[in-house]
Amino acid sequence: MSTNPTKHIAILGSTGSIGTQALEVVRANKEHFTIEVLTGNGNADLLIQQAKEFMPNAVVIADEEKYLYVKEALAKDDIKVFSGTDAISQVVQMESIDMVLTAIVGYAGLESTIAAIKAGKQIALANKETLVVAGELVTSLAQAHAVNIYPVDSEHSAIFQCLAGEFHNKIEKIYLTASGGPFRGKTKEFLSLVKKEQALKHPNWEMGAKITIDSSTLMNKGLEVIEAKWLFHLKPEQIDVVIHPQSIIHSIVQFEDGSMKAQMGLPDMKLPIQYALAYPHRLPSSFPRFDFMKYPSLTFEKPDNGTFRCLPLAFEALRKGGNMSCILNAANEVVVKAFLQDRIGFNAIPEIIEKAMSRVAFIGNPAYLDYVESDKETRALTRDFIGV
Ligand code: NAD
Ligand code: MG
């Protein structure tokens, strides 16, 4: 790839789990990538440290109270400092940026992703909530602005890798693999007593708190089902989920001749991050290699939809369409936060989401402002249910 110019990248959410791993990839491949923009929210010290190392054109600290602190720390460096969420949507439009890695967590990532697409920037998408909330709008905008959305989520990266060279071949169906999370095989009674400390211990992946809770409820897989629909233009019946506790097969595509292609590797998010950033190239890496002898069996199970209700709820939202996935997402963000604050029990998570889905006004063909409104309405109603 030495003949290619370096790719100029903005990382939104650079202080998070995906953001810091993306910077590890960049650090190991300095000749291929230049950092133009870094953004963070709470962790000002880490953002400052990252800025001093990677010397971006600009940084944004979303939390406005930390603006002066960051500004002063970077006063001697040639780096522009901005604050507030609007500033994120503005800096992504900078002429010099080729690609934007969206690694902000939750609905908060939607606006800046839309701004980047409208500015014609290629997208490396980690923020799956963007496609869950407004998949139809975001994918049609991407098409209108000739923007490719490269998946960072490991399952979707797997599907994308399996589709290389298959442009003319129809997908019959896809199987998204799921580890099953820390509570695989547990009963509802057991789950009624679990605490956040247990839910935060994921067996195979080290991730931010929100997605770790989503993995323990299987909502993460539900969000990924919806994400897959929009990324790969699938019907709900073309998407299936299979529990695969070893997290070695990252997902599978089945074609019309019955042939299946799977992508495998040790669970390490740096791999899909690097694939998205470097696409269409594969860069050499020193990530540990898979050893068959350490995994004498790869196993598969059906998800327990009776115990883990979030997954069927996500399928229901997907089938319903309109703003239903936006409602599902907003309710989920509120209940996950409440669970992390010990305000509700684990089994209340799907119960409250289901209630929100049946109460918030359904909109069949939402425009951007309808999503904003549905998100707001759902959050208020869900907080009411919880009493916060
Ligand atoms: P994280 O909580 O570790 O990091 C989130 C980042 O977003 C931080 O930089 C934080 O400062 C920033 N942020 C949070 N709220 C913000 C706000 N309101 N405005 C601006 N910035 C804000 O999360 P993560 O685990 O890195 O996940 C990021 C996204 O990637 C999520 O959408 C998640 O679903 C997706 N994802 C993560 C993984 C993983 O392994 N961590 C895997 C697949 C997909
Ligand atoms: Mg995933």
Side-chain angles (χ1 to χ4, degrees), residues 10-24 37-51 59-66 70 82-89 91-92 101-113 115 123-133 150-160 176-181 200 202 204-215 218-228 231 241 244 247 249-251 263 267-273 275-276 329 332-333 336-337 340 375:
I11 303 183
L12 311 186
S14 65
T15 57
S17 160
I18 291 290
T20 51
Q21 293 182 84
L23 286 175
E24 278 183 58
V37 168
L38 296 173
T39 84
N41 186 32
N43 197 340
D45 288 316
L46 181 56
L47 185 65
I48 292 164
Q49 186 191 320
Q50 292 176 340
V59 300
V60 182
I61 179 87
D63 181 349
E64 294 183 31
E65 288 184 6
K66 302 201 163 116
V70 177
F82 304 104
S83 79
T85 42
D86 288 349
I88 303 179
S89 297
V91 290
V92 294
L101 169 62
T102 68
I104 291 174
V105 59
Y107 178 89
L110 176 65
E111 204 188 315
S112 47
T113 307
I123 302 291
L125 185 102
N127 180 265
K128 65 190 86 186
E129 293 90 346
T130 290
L131 288 182
V132 173
V133 171
Y150 300 104
V152 168
D153 215 344
S154 58
E155 296 77 1
H156 306 73
S157 175
I159 303 285
F160 185 57
L176 296 178
T177 52
S179 71
L200 284 170
H202 194 277
N204 302 342
W205 303 94
E206 188 77 46
M207 310 176 285
K210 192 252 175 187
I211 183 175
T212 307
I213 300 301
D214 285 347
S215 299
L218 293 200
M219 180 56 97
N220 183 49
K221 211 49 53 181
L223 301 179
E224 291 183 355
V225 165
I226 302 170
E227 180 185 15
L231 282 172
V241 171
H244 166 45
S247 297
I249 294 182
H250 298 304
S251 280
Q263 187 262 338
D268 182 343
M269 282 309 295
K270 288 196 288 302
L271 223 150
I273 291 169
Y275 189 76
N329 179 72
N332 183 56
E333 288 191 26
V336 166
K337 192 166 170 203
L340 284 170
D375 176 78

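When a ligand or atom number is given, it counts from 1 through the structure's own listing order. FYI, side chains are in, hydrogens and waters are out, and symmetry mates aren't considered; it's all heavy atoms of this structure.
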Trainee: Between Asn204 and Ser247, does any side-chain donor sit less than 3.5 Å from a side-chain acceptor?
Mentor: yes

Trainee: In terms of side-chain heavy atoms, does Asn41 have a donor or acceptor partner in Lys66 at a distance below 3.5 Å?
Mentor: no

Trainee: Look at atom 39 (C) of ligand 1 and find which of Glu129, His202, Met207 reaches it with the closest heavy atom.
Mentor: Met207

Trainee: Distance only, no hydrogens: is a donor on one side chain within 3.5 Å (strictly under) of an acceptor on the other, for His156 and Glu227?
Mentor: yes

Trainee: So for ligand 1, is Ser17 a polar contact partner (N or O within less than 3.5 Å, distance only)?
Mentor: yes

Trainee: Under 3.5 Å, is there a donor-acceptor pair linking the side chains of Asn127 and Thr130?
Mentor: yes

Trainee: Quick one: does any side-chain atom of Glu224 pair with a main-chain N or O of Leu176 as donor and acceptor, under 3.5 Å?
Mentor: no

Trainee: Within a distance under 4.0 Å of any heavy atom of Gly40, pick out the atoms of ligand 1 and give their elements.
Mentor: 11 (O)

Trainee: Does either side chain, that of Gln50 or that of Ser14, offer a donor lying less than 3.5 Å from an acceptor on the other one?
Mentor: yes

Trainee: Heavy-atom contacts under 4.0 Å between Lys128 and ligand 1: side chain, backbone, both, or neither?
Mentor: both

Trainee: Please confirm whether Asn43 approaches ligand 1 to less than 4.0 Å, judged on its heavy atoms.
Mentor: no

Trainee: Taking heavy atoms and a distance under 4.0 Å, where does Lys210 meet ligand 1: side chain, backbone, both or neither?
Mentor: neither

Trainee: Counting only heavy atoms from other residues, nucleotides and ligands, does the tally under 6.0 Å from NZ of Lys337 exceed 12?
Mentor: no

Trainee: Out of Ala44, Gly109, Ala22, Ala103, who is nearest to atom 28 (C) of ligand 1 when you count heavy atoms only?
Mentor: Ala103

Trainee: Less than 3.5 Å between some nitrogen or oxygen of Gly208 and one of ligand 1, yes or no?
Mentor: yes

Trainee: Ligand 1 versus Ile211, non-hydrogen atoms closer than 4.0 Å: side chain, backbone, both, neither?
Mentor: side chain

Trainee: Ignoring hydrogens and angles, tell me if any N or O in the side chain of Thr177 forms a donor-acceptor pair with the backbone of His244 under 3.5 Å.
Mentor: no

Trainee: Are any side-chain N or O atoms of Ser112 and backbone N or O atoms of Ile88, one a donor and one an acceptor, separated by less than 3.5 Å?
Mentor: no

Trainee: Please determine if Thr85 has a nitrogen or oxygen closer than 3.5 Å to a nitrogen or oxygen of ligand 1.
Mentor: no

Trainee: Just checking, is any N or O donor in the side chain of Gln49 or Asp45 under 3.5 Å from an acceptor N or O on the other one?
Mentor: no

Trainee: What residues form a side chain to side chain contact (heavy atoms under 4.5 Å, CB included) with Glu24, not counting sequence neighbours?
Mentor: Gln21, Arg27, Lys270

Trainee: Provide the protein N, O or S atoms situated under 2.8 Å from the Mg ion (ligand 2); waters are not included.
Mentor: Asp153 OD1, Glu155 OE1, Glu224 OE2

Trainee: Considering both backbone and side-chain atoms of Thr15, is one of its nitrogen or oxygen atoms within less than 3.5 Å of a nitrogen or oxygen in ligand 1?
Mentor: yes

Trainee: Any N or O of Gly13 that comes nearer than 3.5 Å to an N or O of ligand 1?
Mentor: yes

Trainee: With distance as the sole test, does Asp153 use its side chain to make a donor-acceptor pair with the main-chain N or O of Glu155 at under 3.5 Å?
Mentor: no

Trainee: Nearest 0.5 Å, what's the CG-OH distance between Leu125 and Tyr150?
Mentor: 13.0 Å

Trainee: Among protein heavy atoms, which lies nearest atom 4 (O) of ligand 1, and at what distance?
Mentor: Gly16 CA, 3.1 Å

Trainee: Return a yes/no value for Ala108: is any of its N or O atoms, backbone included, closer than 3.5 angstrom to an N or O of ligand 1?
Mentor: no

Trainee: Taking 4.0 angstrom as the limit and counting only heavy atoms of Ala126, give me the atoms of ligand 1 inside it, by number and element.
Mentor: 30 (O), 32 (O), 35 (C), 36 (N), 44 (C)

Trainee: State the atoms of ligand 1, each with its element, that fall below the 4.0 Å cut-off from a heavy-atom position in Met269.
Mentor: 40 (O), 42 (C), 43 (C)

Trainee: Which residue and atom name correspond to the protein heavy atom nearest atom 11 (O) of ligand 1, and how close is it?
Mentor: Asn41 N, 2.9 Å

Trainee: Do the side chains of Asp86 and Glu111 get nearer than 4.5 Å, heavy atoms only?
Mentor: yes

Trainee: Ignoring angles and geometry beyond distance, decide whether Ala62 reaches within less than 3.5 Å of ligand 1 through its nitrogen or oxygen atoms.
Mentor: no

